[in-house]
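Here is the structure we will look at.
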Amino acid sequence: MSKHTFGPWRAGKHGYIYAGDEIIGVANVPEKKDDKAATVRANSKLMAAAPDMLRLIQRLTSPHMAEMEYRMEAFIDAAELINQLNSDD
């Protein structure tokens, strides 16, 4: 049995990370950061993506990667995840 909180997770305001309605974490940044709000948001989005990244790693290391269609779907999902992490929303 896994010891982590199952996803999906989402990044909320003020750096909070949610699983459903439950706060499961918070992204903090040292006070010395010039653009603290943007860094907190980027960090919280990255942390919230952890369950999706775990699933993607599991897919990418699966024996099914030998199948072209499976491999293409995994790479497309990886690209979408990267785009989500890089978006300014």
Locate the shortest heavy-atom distance separating [X] from [Y]; write the atom from each residue and the value.
| X | Y | answer |
| --- | --- | --- |
| Ser44 | Gly15 | CB-O, 3.7 Å |
| Ala19 | Thr5 | CB-CG2, 3.7 Å |
| Ala27 | Val40 | O-CG1, 3.7 Å |
| Arg71 | Met65 | NH1-O, 2.6 Å |
| Ala11 | Ala48 | N-CB, 3.5 Å |

Quick check: do [X] and [Y] have side-chain heavy atoms less than 4.5 Å from each other?
| X | Y | answer |
| --- | --- | --- |
| Leu85 | Leu46 | yes |
| Met47 | Val26 | no |
| Lys45 | Ser87 | yes |
| Asp52 | Leu56 | no |

Filter on side chain to side chain donor-acceptor pair (under 3.5 Å), then keep only pairs touching residues 58-68, sequence neighbours left out; what's left?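 As it turns out, the side chain to side chain donor-acceptor pair (under 3.5 Å) pairs with a partner in residues 58-68, which skip direct neighbours, are Arg59-Asp77, His64-Glu67.
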
Discussion item. Filter on side chain to side chain donor-acceptor pair (under 3.5 Å), then keep only pairs touching residues 9-18, sequence neighbours left out; what's left?
Written reply: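 Counting only pairs at least two positions apart or across chains, no side chain to side chain donor-acceptor pair (under 3.5 Å) contact touches residues 9-18.
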
Point to revise | same_hphob_cluster(Met53, Phe75) at 4.5 Å side-chain heavy-atom cutoff | key: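 Yes, same cluster.
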
(request) Answer with yes or no whether the hydrophobic clustering places Tyr70 together with Leu81; edges join I, L, V, M, F, W, Y residues whose side-chain heavy atoms lie under 4.5 Å apart. (result)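 Same cluster: Tyr70 reaches Leu81 through Ile, Leu, Val, Met, Phe, Trp or Tyr contacts under 4.5 Å.
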
